[in-house]
Amino acid sequence: MAIIDLTFRSAALGYNTTVTVCFPENNGSDRRTGKPYRYKPGVKYQVLWLLTGGGGDSSEWVRLTNIERYAAEKNLIVITPATFLSLYTDMYYGEKHFTYLTEELPRVMRWMLPISDKREDNFIAGFSMGGYGAFKSAFAYPERFAAAGSFGGALDMVSIVKSTHLHDGVLDRDFLLAFGSLENLEHSVNDDMYMAEKQMKAAKDMPKLFISVGKDDFTYSRNVETRDKLVDLGYDVTWDTGEGTHSYEYCDSRIRVFLEWAGLKGTPIYNTEG
Amino acid sequence: MARLQIHMESEILRFTTQVDIAIPEYGFAERRAGVSPEEYYSEKNKLPVMFLYHGGTGTCSDWFRFSRIEELSEEKKFIVVCPTAQNSCYTNMAYGPRWFDFISIELYDMVHSMFPASTDPAGNFAVGLSMGGYGALKSALTYPEKYGYGAAMSSAAYIPQEVALGICPLPDGGKSIFGDPDKVLGSDNDLFALAERLKASGRVLPKLYSACGTEDFTFEGNVKFKNHMLDLGYDFTWVQDPGSHTWDYWNDHIKMVCDWLPL
(Lines give C-alpha, C1' and ligand atoms only; values in the text may rest on other atoms or scores of the structure.)
Protein backbone atom coordinates (compact mmCIF):
# COMPACT_ATOMS: atom_id res chain seq x y z
CA MET A 1 0.00 0.00 0.00
CA ALA A 2 1.18 3.46 -0.78
CA ILE A 3 0.30 6.79 0.68
CA ILE A 4 0.18 10.26 -0.80
CA ASP A 5 0.23 13.49 1.19
CA LEU A 6 -1.34 15.89 -1.22
CA THR A 7 -1.51 19.65 -0.80
CA PHE A 8 -3.36 21.89 -3.20
CA ARG A 9 -4.80 25.39 -3.29
CA SER A 10 -8.56 25.10 -3.04
CA ALA A 11 -10.60 27.82 -4.72
CA ALA A 12 -13.59 27.07 -2.45
CA LEU A 13 -11.50 27.39 0.71
CA GLY A 14 -9.17 30.11 -0.54
CA TYR A 15 -6.05 28.41 0.85
CA ASN A 16 -3.80 25.38 0.53
CA THR A 17 -5.35 22.31 2.07
CA THR A 18 -4.11 18.76 2.54
CA VAL A 19 -5.61 15.49 1.44
CA THR A 20 -4.25 12.08 2.36
CA VAL A 21 -4.69 9.35 -0.25
CA CYS A 22 -4.08 5.62 0.11
CA PHE A 23 -3.64 3.68 -3.08
CA PRO A 24 -2.65 0.09 -3.78
CA GLU A 25 0.71 0.12 -5.57
CA ASN A 26 2.50 -2.50 -7.61
CA ASN A 27 4.53 -4.54 -5.18
CA GLY A 28 6.44 -7.77 -4.97
CA SER A 29 3.97 -9.78 -2.94
CA ASP A 30 1.10 -9.04 -5.34
CA ARG A 31 3.18 -10.28 -8.21
CA ARG A 32 4.40 -13.36 -6.38
CA THR A 33 0.75 -14.27 -5.81
CA GLY A 34 0.09 -13.99 -9.52
CA LYS A 35 -1.70 -10.66 -9.61
CA PRO A 36 -1.37 -8.75 -12.87
CA TYR A 37 0.82 -5.66 -13.25
CA ARG A 38 -1.38 -2.82 -12.23
CA TYR A 39 0.32 0.20 -13.81
CA LYS A 40 -1.57 0.17 -17.06
CA PRO A 41 -2.86 3.43 -18.55
CA GLY A 42 -6.62 3.58 -18.16
CA VAL A 43 -6.84 1.50 -14.97
CA LYS A 44 -9.35 2.82 -12.44
CA TYR A 45 -10.13 2.09 -8.82
CA GLN A 46 -13.17 2.20 -6.60
CA VAL A 47 -12.95 5.00 -4.07
CA LEU A 48 -13.91 5.61 -0.46
CA TRP A 49 -14.24 9.27 0.57
CA LEU A 50 -13.40 8.99 4.27
CA LEU A 51 -14.10 11.90 6.59
CA THR A 52 -12.45 12.78 9.89
CA GLY A 53 -14.05 13.87 13.12
CA GLY A 54 -14.38 17.51 14.08
CA GLY A 55 -11.07 19.34 14.27
CA GLY A 56 -9.41 16.72 12.14
CA ASP A 57 -6.81 17.25 9.49
CA SER A 58 -6.30 14.87 6.61
CA SER A 59 -3.94 12.56 8.47
CA GLU A 60 -6.14 11.24 11.26
CA TRP A 61 -7.70 8.15 9.71
CA VAL A 62 -4.39 6.80 8.41
CA ARG A 63 -2.52 7.52 11.63
CA LEU A 64 -5.13 6.29 14.07
CA THR A 65 -6.56 3.28 12.21
CA ASN A 66 -5.30 0.60 9.83
CA ILE A 67 -7.41 1.85 6.94
CA GLU A 68 -4.41 1.89 4.61
CA ARG A 69 -3.99 -1.89 5.00
CA TYR A 70 -7.72 -2.61 4.80
CA ALA A 71 -8.02 -0.55 1.63
CA ALA A 72 -5.10 -2.34 0.02
CA GLU A 73 -6.86 -5.68 0.67
CA LYS A 74 -9.81 -4.39 -1.35
CA ASN A 75 -7.86 -2.59 -4.10
CA LEU A 76 -9.62 0.56 -2.97
CA ILE A 77 -8.36 4.13 -3.13
CA VAL A 78 -9.18 6.05 0.04
CA ILE A 79 -9.28 9.84 0.08
CA THR A 80 -9.30 11.68 3.41
CA PRO A 81 -9.62 15.48 3.26
CA ALA A 82 -9.26 17.85 6.21
CA THR A 83 -12.23 19.49 7.87
CA PHE A 84 -10.91 21.39 10.88
CA LEU A 85 -13.91 23.02 12.58
CA SER A 86 -16.09 23.45 9.53
CA LEU A 87 -18.72 20.79 10.29
CA TYR A 88 -18.44 20.00 6.53
CA THR A 89 -20.48 23.11 5.90
CA ASP A 90 -20.40 26.17 3.67
CA MET A 91 -19.80 28.14 6.82
CA TYR A 92 -21.79 31.20 7.78
CA TYR A 93 -18.54 32.71 9.12
CA GLY A 94 -15.85 30.88 7.27
CA GLU A 95 -14.98 28.93 4.16
CA LYS A 96 -17.13 26.85 1.84
CA HIS A 97 -16.22 23.39 3.12
CA PHE A 98 -19.30 21.60 1.75
CA THR A 99 -18.72 23.00 -1.73
CA TYR A 100 -15.10 21.95 -1.34
CA LEU A 101 -16.08 18.44 -0.28
CA THR A 102 -18.85 17.79 -2.78
CA GLU A 103 -17.84 19.80 -5.83
CA GLU A 104 -14.22 20.87 -5.93
CA LEU A 105 -12.51 17.92 -4.26
CA PRO A 106 -14.16 15.22 -6.43
CA ARG A 107 -13.56 17.23 -9.60
CA VAL A 108 -9.86 17.71 -8.87
CA MET A 109 -9.30 14.20 -7.48
CA ARG A 110 -11.04 12.51 -10.42
CA TRP A 111 -8.67 14.29 -12.76
CA MET A 112 -5.50 13.72 -10.73
CA LEU A 113 -6.13 10.14 -9.63
CA PRO A 114 -7.40 7.02 -11.40
CA ILE A 115 -10.68 6.87 -9.48
CA SER A 116 -13.93 5.77 -11.06
CA ASP A 117 -16.67 8.39 -11.24
CA LYS A 118 -19.45 5.77 -11.43
CA ARG A 119 -21.94 5.64 -8.59
CA GLU A 120 -21.33 1.91 -8.06
CA ASP A 121 -17.65 2.67 -7.38
CA ASN A 122 -18.06 5.60 -4.97
CA PHE A 123 -18.54 5.26 -1.21
CA ILE A 124 -18.48 7.82 1.58
CA ALA A 125 -18.05 7.38 5.32
CA GLY A 126 -16.80 9.20 8.39
CA PHE A 127 -16.24 9.32 12.11
CA SER A 128 -18.20 11.61 14.44
CA MET A 129 -18.66 14.91 12.59
CA GLY A 130 -17.44 12.96 9.55
CA GLY A 131 -20.46 10.66 9.87
CA TYR A 132 -22.67 13.72 9.65
CA GLY A 133 -20.62 14.96 6.68
CA ALA A 134 -20.90 11.60 4.92
CA PHE A 135 -24.66 11.26 5.35
CA LYS A 136 -25.19 14.90 4.47
CA SER A 137 -23.26 14.41 1.20
CA ALA A 138 -25.17 11.21 0.43
CA PHE A 139 -28.55 12.88 1.05
CA ALA A 140 -27.65 15.93 -1.04
CA TYR A 141 -26.09 13.95 -3.93
CA PRO A 142 -27.58 10.43 -3.82
CA GLU A 143 -26.79 9.79 -7.48
CA ARG A 144 -23.05 9.88 -6.66
CA PHE A 145 -22.71 7.29 -3.93
CA ALA A 146 -23.59 3.61 -3.76
CA ALA A 147 -23.42 3.63 0.04
CA ALA A 148 -22.63 5.81 3.04
CA GLY A 149 -21.30 4.92 6.49
CA SER A 150 -21.29 6.66 9.84
CA PHE A 151 -19.14 5.70 12.85
CA GLY A 152 -20.20 7.37 16.09
CA GLY A 153 -21.75 9.97 13.82
CA ALA A 154 -23.11 13.37 14.81
CA LEU A 155 -26.34 12.54 13.02
CA ASP A 156 -29.57 14.56 13.20
CA MET A 157 -27.81 17.88 13.51
CA VAL A 158 -30.94 19.86 14.43
CA SER A 159 -31.61 17.58 17.41
CA ILE A 160 -27.99 17.80 18.49
CA VAL A 161 -28.00 21.60 18.29
CA LYS A 162 -31.36 22.01 20.05
CA SER A 163 -30.49 19.69 22.91
CA THR A 164 -26.88 20.64 23.55
CA HIS A 165 -25.59 23.64 21.65
CA LEU A 166 -28.24 26.32 21.93
CA HIS A 167 -28.22 28.67 24.91
CA ASP A 168 -30.56 31.66 25.18
CA GLY A 169 -31.21 31.36 21.49
CA VAL A 170 -27.52 31.55 20.61
CA LEU A 171 -25.53 28.67 19.13
CA ASP A 172 -22.29 27.49 20.74
CA ARG A 173 -19.24 28.84 18.94
CA ASP A 174 -18.40 26.12 16.37
CA PHE A 175 -22.05 25.80 15.44
CA LEU A 176 -22.49 29.57 15.28
CA LEU A 177 -19.58 29.90 12.89
CA ALA A 178 -20.84 27.04 10.74
CA PHE A 179 -24.59 27.72 10.67
CA GLY A 180 -25.10 31.31 11.87
CA SER A 181 -28.36 30.44 13.61
CA LEU A 182 -30.80 27.60 14.22
CA GLU A 183 -33.13 29.17 11.66
CA ASN A 184 -30.43 28.99 9.00
CA LEU A 185 -29.72 25.37 9.83
CA GLU A 186 -33.28 24.10 9.77
CA HIS A 187 -34.57 22.96 6.38
CA SER A 188 -31.23 23.66 4.71
CA VAL A 189 -28.81 21.23 3.06
CA ASN A 190 -27.10 21.08 6.47
CA ASP A 191 -30.26 19.74 8.12
CA ASP A 192 -29.47 16.08 7.43
CA MET A 193 -32.80 14.65 8.57
CA TYR A 194 -34.74 17.24 6.60
CA MET A 195 -32.75 16.33 3.48
CA ALA A 196 -33.21 12.61 4.19
CA GLU A 197 -36.97 13.02 4.24
CA LYS A 198 -37.15 15.45 1.33
CA GLN A 199 -35.10 13.28 -1.00
CA MET A 200 -36.89 10.06 -0.11
CA LYS A 201 -40.26 11.73 -0.68
CA ALA A 202 -39.01 12.93 -4.07
CA ALA A 203 -38.60 9.21 -4.82
CA LYS A 204 -34.88 9.52 -5.38
CA ASP A 205 -32.85 6.34 -5.44
CA MET A 206 -31.02 6.75 -2.14
CA PRO A 207 -27.72 5.08 -1.17
CA LYS A 208 -27.81 2.28 1.36
CA LEU A 209 -26.70 3.35 4.83
CA PHE A 210 -24.44 1.83 7.49
CA ILE A 211 -24.81 3.22 11.01
CA SER A 212 -22.19 2.04 13.47
CA VAL A 213 -21.71 3.17 17.05
CA GLY A 214 -19.82 1.76 20.02
CA LYS A 215 -21.79 0.49 23.00
CA ASP A 216 -20.13 3.05 25.27
CA ASP A 217 -20.15 5.90 22.78
CA PHE A 218 -21.93 8.97 24.21
CA THR A 219 -23.76 9.31 20.86
CA TYR A 220 -25.24 5.81 21.15
CA SER A 221 -28.85 6.70 21.96
CA ARG A 222 -28.98 9.48 19.38
CA ASN A 223 -27.72 7.06 16.75
CA VAL A 224 -30.46 4.58 17.73
CA GLU A 225 -33.11 7.31 17.33
CA THR A 226 -31.67 8.41 14.01
CA ARG A 227 -31.57 4.84 12.76
CA ASP A 228 -35.25 4.45 13.63
CA LYS A 229 -36.18 7.71 11.91
CA LEU A 230 -34.34 6.69 8.74
CA VAL A 231 -35.87 3.22 8.71
CA ASP A 232 -39.32 4.81 9.08
CA LEU A 233 -38.54 7.01 6.09
CA GLY A 234 -37.86 3.89 4.04
CA TYR A 235 -34.06 3.86 3.97
CA ASP A 236 -32.03 0.66 3.62
CA VAL A 237 -30.20 0.93 6.95
CA THR A 238 -27.76 -1.57 8.37
CA TRP A 239 -27.15 -1.21 12.10
CA ASP A 240 -23.76 -2.10 13.49
CA THR A 241 -22.36 -1.96 17.01
CA GLY A 242 -19.64 -3.43 19.17
CA GLU A 243 -17.44 -2.84 22.17
CA GLY A 244 -16.00 0.63 22.22
CA THR A 245 -16.40 4.31 22.79
CA HIS A 246 -16.36 7.45 20.66
CA SER A 247 -12.91 6.78 19.23
CA TYR A 248 -10.84 5.91 16.19
CA GLU A 249 -10.08 2.66 17.98
CA TYR A 250 -13.76 1.77 17.59
CA CYS A 251 -13.66 2.88 13.96
CA ASP A 252 -10.71 0.60 13.30
CA SER A 253 -12.63 -2.33 14.76
CA ARG A 254 -15.66 -1.78 12.52
CA ILE A 255 -14.45 -0.25 9.24
CA ARG A 256 -13.61 -3.67 7.81
CA VAL A 257 -17.18 -4.76 8.49
CA PHE A 258 -18.31 -1.69 6.57
CA LEU A 259 -16.00 -2.54 3.65
CA GLU A 260 -17.41 -6.07 3.47
CA TRP A 261 -20.96 -4.78 3.71
CA ALA A 262 -20.37 -2.20 0.98
CA GLY A 263 -19.85 -4.96 -1.56
CA LEU A 264 -16.61 -3.83 -3.18
CA LYS A 265 -15.25 -5.29 -6.41
CA GLY A 266 -11.92 -6.03 -4.73
CA THR A 267 -9.87 -5.59 -7.90
CA PRO A 268 -8.66 -2.70 -10.04
CA ILE A 269 -10.96 -1.89 -12.94
CA TYR A 270 -8.97 -2.50 -16.10
CA ASN A 271 -10.33 -0.18 -18.74
CA THR A 272 -10.68 -1.48 -22.26
CA GLU A 273 -9.41 1.85 -23.59
CA GLY A 274 -6.05 1.36 -21.79
CA MET B 1 -0.27 23.92 -7.52
CA ALA B 2 -0.81 20.49 -6.05
CA ARG B 3 2.14 18.88 -4.32
CA LEU B 4 2.06 15.15 -3.74
CA GLN B 5 4.51 13.39 -1.44
CA ILE B 6 4.33 9.68 -1.96
CA HIS B 7 5.64 6.73 0.00
CA MET B 8 5.33 3.65 -2.17
CA GLU B 9 6.71 0.17 -2.24
CA SER B 10 8.61 -0.72 -5.41
CA GLU B 11 8.61 -4.27 -6.71
CA ILE B 12 11.94 -3.60 -8.44
CA LEU B 13 13.70 -1.97 -5.48
CA ARG B 14 12.05 -4.33 -2.97
CA PHE B 15 11.60 -1.52 -0.47
CA THR B 16 9.44 1.55 0.12
CA THR B 17 10.70 4.70 -1.50
CA GLN B 18 9.61 8.35 -1.71
CA VAL B 19 8.56 10.29 -4.77
CA ASP B 20 7.62 13.99 -4.83
CA ILE B 21 5.26 15.14 -7.54
CA ALA B 22 3.75 18.49 -8.52
CA ILE B 23 0.58 18.69 -10.63
CA PRO B 24 -0.63 22.08 -11.87
CA GLU B 25 -4.17 23.09 -10.97
CA TYR B 26 -6.73 25.23 -12.70
CA GLY B 27 -5.81 28.84 -11.98
CA PHE B 28 -5.94 32.49 -13.01
CA ALA B 29 -4.26 31.92 -16.35
CA GLU B 30 -6.87 29.36 -17.37
CA ARG B 31 -9.71 31.60 -16.27
CA ARG B 32 -8.28 34.52 -18.25
CA ALA B 33 -7.94 32.27 -21.28
CA GLY B 34 -11.60 31.34 -21.01
CA VAL B 35 -11.01 27.73 -20.02
CA SER B 36 -13.62 26.37 -17.61
CA PRO B 37 -12.73 24.19 -14.60
CA GLU B 38 -14.74 21.37 -16.21
CA GLU B 39 -12.58 21.51 -19.34
CA TYR B 40 -9.33 21.64 -17.40
CA TYR B 41 -10.27 18.82 -15.08
CA SER B 42 -11.57 16.58 -17.82
CA GLU B 43 -10.11 13.14 -18.55
CA LYS B 44 -8.94 14.42 -21.94
CA ASN B 45 -6.56 16.93 -20.37
CA LYS B 46 -3.24 15.12 -20.13
CA LEU B 47 -0.15 17.13 -19.25
CA PRO B 48 3.51 16.83 -20.21
CA VAL B 49 5.75 15.23 -17.57
CA MET B 50 9.22 16.23 -16.45
CA PHE B 51 11.04 13.45 -14.63
CA LEU B 52 13.40 15.62 -12.61
CA TYR B 53 16.41 14.01 -10.97
CA HIS B 54 18.34 15.25 -7.90
CA GLY B 55 22.11 15.12 -7.58
CA GLY B 56 24.45 13.18 -5.32
CA THR B 57 23.56 13.18 -1.58
CA GLY B 58 20.15 14.59 -2.51
CA THR B 59 16.59 13.35 -2.28
CA CYS B 60 13.17 13.69 -3.91
CA SER B 61 12.38 17.00 -2.24
CA ASP B 62 15.55 18.85 -3.31
CA TRP B 63 14.20 20.48 -6.44
CA PHE B 64 11.07 21.66 -4.62
CA ARG B 65 13.00 23.12 -1.72
CA PHE B 66 15.93 24.68 -3.55
CA SER B 67 14.51 25.92 -6.84
CA ARG B 68 11.50 27.57 -8.41
CA ILE B 69 10.43 24.43 -10.22
CA GLU B 70 6.97 24.31 -8.70
CA GLU B 71 6.23 27.82 -9.89
CA LEU B 72 7.62 27.07 -13.37
CA SER B 73 5.54 23.92 -13.68
CA GLU B 74 2.42 25.83 -12.64
CA GLU B 75 3.15 28.55 -15.20
CA LYS B 76 3.94 26.20 -18.09
CA LYS B 77 1.48 23.49 -17.05
CA PHE B 78 3.56 20.33 -16.75
CA ILE B 79 3.75 17.61 -14.13
CA VAL B 80 7.03 17.26 -12.19
CA VAL B 81 8.09 13.88 -10.87
CA CYS B 82 11.09 13.76 -8.53
CA PRO B 83 12.19 10.29 -7.47
CA THR B 84 14.72 9.51 -4.78
CA ALA B 85 17.82 7.78 -6.08
CA GLN B 86 20.21 8.14 -3.13
CA ASN B 87 23.80 8.09 -4.46
CA SER B 88 23.18 5.50 -7.14
CA CYS B 89 23.91 7.56 -10.26
CA TYR B 90 20.47 6.39 -11.41
CA THR B 91 22.10 3.07 -12.23
CA ASN B 92 21.19 -0.57 -11.85
CA MET B 93 23.92 -0.96 -9.27
CA ALA B 94 26.40 -3.78 -9.59
CA TYR B 95 26.13 -4.21 -5.81
CA GLY B 96 22.88 -2.51 -4.92
CA PRO B 97 19.31 -1.81 -6.05
CA ARG B 98 18.18 -1.52 -9.64
CA TRP B 99 17.53 2.22 -9.49
CA PHE B 100 17.52 2.78 -13.25
CA ASP B 101 14.89 0.11 -13.87
CA PHE B 102 12.76 1.41 -10.99
CA ILE B 103 12.79 4.94 -12.37
CA SER B 104 12.63 4.30 -16.11
CA ILE B 105 10.20 1.36 -16.02
CA GLU B 106 8.15 1.03 -12.82
CA LEU B 107 7.95 4.73 -11.87
CA TYR B 108 7.38 5.73 -15.50
CA ASP B 109 4.48 3.26 -15.73
CA MET B 110 3.10 4.31 -12.34
CA VAL B 111 3.00 7.98 -13.31
CA HIS B 112 1.20 7.24 -16.59
CA SER B 113 -1.26 4.93 -14.90
CA MET B 114 -2.02 6.99 -11.81
CA PHE B 115 -1.87 10.64 -12.91
CA PRO B 116 -3.11 12.76 -15.86
CA ALA B 117 0.21 12.43 -17.69
CA SER B 118 0.68 12.46 -21.46
CA THR B 119 1.91 9.16 -22.90
CA ASP B 120 3.36 10.89 -25.97
CA PRO B 121 7.21 10.79 -25.83
CA ALA B 122 7.18 14.39 -27.10
CA GLY B 123 5.58 15.22 -23.75
CA ASN B 124 7.95 13.24 -21.55
CA PHE B 125 11.24 14.79 -20.45
CA ALA B 126 14.15 13.44 -18.39
CA VAL B 127 15.97 16.30 -16.66
CA GLY B 128 18.55 16.41 -13.89
CA LEU B 129 21.53 18.00 -12.20
CA SER B 130 24.98 16.49 -11.68
CA MET B 131 24.52 12.77 -11.03
CA GLY B 132 20.90 13.35 -12.01
CA GLY B 133 22.04 14.91 -15.25
CA TYR B 134 23.90 11.71 -16.07
CA GLY B 135 20.71 9.83 -15.17
CA ALA B 136 18.56 12.06 -17.38
CA LEU B 137 20.82 11.64 -20.40
CA LYS B 138 20.93 7.90 -19.80
CA SER B 139 17.13 7.71 -19.59
CA ALA B 140 16.68 9.52 -22.89
CA LEU B 141 19.44 7.59 -24.66
CA THR B 142 18.22 4.21 -23.37
CA TYR B 143 14.50 4.78 -23.94
CA PRO B 144 14.07 7.45 -26.63
CA GLU B 145 10.62 5.98 -27.33
CA LYS B 146 9.65 7.00 -23.77
CA TYR B 147 11.52 10.31 -23.34
CA GLY B 148 11.56 12.62 -26.32
CA TYR B 149 13.80 15.12 -24.53
CA GLY B 150 16.73 14.82 -22.13
CA ALA B 151 18.36 17.75 -20.33
CA ALA B 152 21.29 17.94 -17.95
CA MET B 153 22.86 20.65 -15.83
CA SER B 154 26.42 20.24 -14.49
CA SER B 155 26.05 16.66 -15.54
CA ALA B 156 28.16 13.74 -14.40
CA ALA B 157 28.12 12.36 -17.97
CA TYR B 158 31.81 11.61 -17.73
CA ILE B 159 31.70 9.54 -14.52
CA PRO B 160 31.94 6.11 -16.17
CA GLN B 161 35.00 7.32 -18.05
CA GLU B 162 36.53 8.41 -14.74
CA VAL B 163 35.71 5.03 -13.21
CA ALA B 164 37.53 3.30 -16.06
CA LEU B 165 40.53 5.60 -15.59
CA GLY B 166 40.58 4.99 -11.83
CA ILE B 167 40.00 8.65 -11.03
CA CYS B 168 36.32 8.53 -10.06
CA PRO B 169 35.72 10.80 -7.05
CA LEU B 170 32.92 8.61 -5.71
CA PRO B 171 33.58 6.57 -2.55
CA ASP B 172 34.99 3.14 -3.50
CA GLY B 173 35.83 4.52 -6.93
CA GLY B 174 32.31 3.84 -8.13
CA LYS B 175 32.66 0.04 -7.88
CA SER B 176 29.41 -0.62 -6.03
CA ILE B 177 27.54 1.27 -8.74
CA PHE B 178 29.37 0.39 -11.93
CA GLY B 179 31.09 -2.86 -10.99
CA ASP B 180 34.42 -3.90 -12.52
CA PRO B 181 36.15 -0.72 -13.79
CA ASP B 182 37.56 -2.68 -16.74
CA LYS B 183 34.06 -3.43 -18.00
CA VAL B 184 32.43 -0.02 -17.68
CA LEU B 185 33.46 1.39 -21.04
CA GLY B 186 31.17 0.08 -23.73
CA SER B 187 28.49 -0.89 -21.20
CA ASP B 188 24.97 0.54 -21.11
CA ASN B 189 26.18 2.88 -18.35
CA ASP B 190 28.73 4.44 -20.69
CA LEU B 191 26.82 7.34 -22.27
CA PHE B 192 29.37 7.75 -25.04
CA ALA B 193 28.91 4.13 -26.17
CA LEU B 194 25.17 4.21 -25.56
CA ALA B 195 24.83 7.24 -27.84
CA GLU B 196 26.86 5.53 -30.58
CA ARG B 197 24.77 2.37 -30.45
CA LEU B 198 21.52 4.31 -30.47
CA LYS B 199 22.62 6.35 -33.48
CA ALA B 200 23.59 3.19 -35.36
CA SER B 201 20.34 1.40 -34.51
CA GLY B 202 18.07 3.57 -36.63
CA ARG B 203 15.70 4.11 -33.70
CA VAL B 204 14.25 7.53 -32.99
CA LEU B 205 16.71 9.92 -31.29
CA PRO B 206 15.92 12.14 -28.30
CA LYS B 207 16.60 15.86 -28.38
CA LEU B 208 19.27 16.68 -25.81
CA TYR B 209 20.44 19.70 -23.82
CA SER B 210 23.46 20.18 -21.59
CA ALA B 211 24.42 23.24 -19.56
CA CYS B 212 27.57 23.62 -17.50
CA GLY B 213 29.29 26.44 -15.66
CA THR B 214 32.87 27.13 -16.75
CA GLU B 215 34.08 26.98 -13.11
CA ASP B 216 32.24 23.69 -12.48
CA PHE B 217 34.43 20.67 -11.75
CA THR B 218 32.42 18.67 -14.30
CA PHE B 219 33.13 21.18 -17.07
CA GLU B 220 35.90 19.32 -18.90
CA GLY B 221 33.98 16.05 -18.95
CA ASN B 222 30.87 17.78 -20.22
CA VAL B 223 32.77 19.45 -23.04
CA LYS B 224 34.08 16.04 -24.14
CA PHE B 225 30.57 14.61 -24.07
CA LYS B 226 29.21 17.58 -26.01
CA ASN B 227 31.84 17.16 -28.71
CA HIS B 228 31.13 13.43 -28.96
CA MET B 229 27.39 14.02 -29.35
CA LEU B 230 27.79 16.77 -31.96
CA ASP B 231 30.19 14.53 -33.91
CA LEU B 232 27.57 11.76 -33.87
CA GLY B 233 25.04 14.22 -35.28
CA TYR B 234 22.62 14.44 -32.36
CA ASP B 235 20.28 17.40 -31.91
CA PHE B 236 22.32 18.58 -28.90
CA THR B 237 22.00 22.06 -27.41
CA TRP B 238 25.09 23.13 -25.46
CA VAL B 239 25.21 26.00 -22.98
CA GLN B 240 28.36 27.10 -21.19
CA ASP B 241 28.43 30.19 -19.03
CA PRO B 242 29.96 31.52 -15.83
CA GLY B 243 29.03 29.40 -12.84
CA SER B 244 29.83 26.32 -10.83
CA HIS B 245 28.25 23.38 -9.07
CA THR B 246 25.61 25.35 -7.13
CA TRP B 247 21.86 25.59 -6.66
CA ASP B 248 21.98 29.17 -7.88
CA TYR B 249 23.23 27.81 -11.20
CA TRP B 250 20.63 25.02 -11.33
CA ASN B 251 17.79 27.30 -10.26
CA ASP B 252 18.68 29.71 -13.09
CA HIS B 253 19.18 26.99 -15.66
CA ILE B 254 16.06 24.97 -14.98
CA LYS B 255 14.16 27.97 -16.31
CA MET B 256 16.31 27.90 -19.45
CA VAL B 257 15.62 24.17 -19.82
CA CYS B 258 11.88 24.91 -19.60
CA ASP B 259 12.29 27.54 -22.34
CA TRP B 260 14.08 24.96 -24.52
CA LEU B 261 11.44 22.24 -23.97
CA PRO B 262 8.22 22.21 -26.05
CA LEU B 263 6.11 23.75 -23.28
Side-chain angles (χ1 to χ4, degrees), chain A residues 1-12 16-33 35-45 58-59 62 68 72 77 79 99 103-117 268-271 273-274, chain B residues 1-28 30-31 36-47 49 60-61 64 70-71 74 79 81 97-98 102 105-120:
Chain A
M1 41 275 163
I3 188 159
I4 309 180
D5 274 329
L6 193 160
T7 306
F8 78 102
R9 190 183 335 108
S10 156
N16 274 288
T17 187
T18 55
V19 183
T20 301
V21 177
C22 307
F23 76 94
E25 87 281 59
N26 179 60
N27 61 62
S29 65
D30 268 358
R31 306 273 266 140
R32 282 190 292 278
T33 53
K35 299 204 175 50
Y37 189 57
R38 65 174 70 243
Y39 292 149
K40 295 180 190 306
V43 75
K44 293 245 187 255
Y45 291 88
S58 65
S59 70
V62 298
E68 198 182 334
I77 287 184
I79 298 180
T99 299
E103 292 179 27
E104 187 180 29
L105 184 69
R107 184 169 58 201
V108 177
M109 292 296 103
R110 280 175 184 148
W111 176 69
M112 277 190 194
L113 300 170
I115 53 176
S116 167
D117 59 2
I269 306 162
Y270 292 103
N271 205 324
E273 62 105 336
Chain B
M1 191 76 228
R3 168 86 180 270
L4 290 74
Q5 293 171 285
I6 306 178
H7 296 261
M8 54 176 272
E9 189 183 327
S10 155
E11 179 192 354
I12 288 178
L13 296 173
R14 294 185 298 110
F15 53 79
T16 301
T17 185
Q18 275 182 259
V19 183
D20 268 15
I21 296 185
I23 304 183
E25 303 164 56
Y26 178 83
F28 296 124
E30 284 67 46
R31 197 172 307 132
S36 68
E38 289 71 32
E39 283 173 83
Y40 186 85
Y41 289 125
S42 89
E43 190 141 6
K44 289 190 283 290
N45 187 22
K46 302 286 186 203
L47 301 183
V49 191
C60 57
S61 58
F64 291 104
E70 207 175 328
E71 226 182 329
E74 175 80 4
I79 293 172
V81 178
R98 290 164 46 209
F102 162 63
I105 302 173
E106 193 177 17
L107 179 65
Y108 186 92
D109 287 349
M110 188 273 257
V111 166
H112 291 101
S113 167
M114 292 288 299
F115 304 116
S118 164
T119 50
D120 182 352

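Within every chain, numbering begins at 1; the chains are lettered A, B, ... in the order of the sequence lines, protein sequences first and strands thereafter.
- For Met1(B), the part lying under 4.5 angstrom from a heavy atom of chain A is the backbone only.
- When the heavy atoms of residues 17-27 of chain A are compared with those of chain B, the residues falling under 4.5 Å are Phe23(A), Glu25(A), Asn26(A), Asn27(A), listed by number.
- For a residue to count as touching a neighbouring chain, one of its non-hydrogen atoms must lie under 4.5 Å from one of that chain's; by this rule Arg14(B) does not touch chain A.
- The choice from Val108(A), Ile115(A), Leu113(A) that makes the most heavy-atom pairs within less than 4.5 Å of chain B is Val108(A).
- Considering all non-hydrogen atoms of both residues, Met8(B) and Tyr39(A) come closest at CE-OH, 3.8 Å.
- Note: Ile3(A) CD1 to Gln5(B) CD = 11.5 Å, rounded to the nearest 0.5 Å.
- Contact detail for Pro114(A) and Ser113(B): the closest heavy-atom pair is CB-O, 3.8 Å.
- Put simply, CD on Glu9(B) and CG on Asp30(A) are 8.5 Å apart, with the number rounded to the nearest 0.5 Å.
- Most heavy-atom pairs under 4.5 Å with chain B, from the set Arg32(A), Arg9(A), Arg38(A), Met112(A): that is Met112(A).
- The OH atom of Tyr40(B) lies 12.5 Å from the CZ atom of Arg107(A); values are rounded to the nearest 0.5 Å.
- Scanning residues 17-28 of chain B against chain A with a 4.5 Å heavy-atom cutoff picks out Ile23(B), Pro24(B), Glu25(B), ordered by number.
- Taking all atoms of both residues into account, the shortest heavy-atom contact from Trp111(A) to Asn45(B) is NE1-O, 2.9 Å.
- Residue Thr16(B): no heavy atom, backbone or side chain, is found under 4.5 Å from chain A.
- Salt bridge absent: Arg110(A) and Glu43(B) never bring a charged side-chain N and a carboxylate O closer than 4.0 Å.
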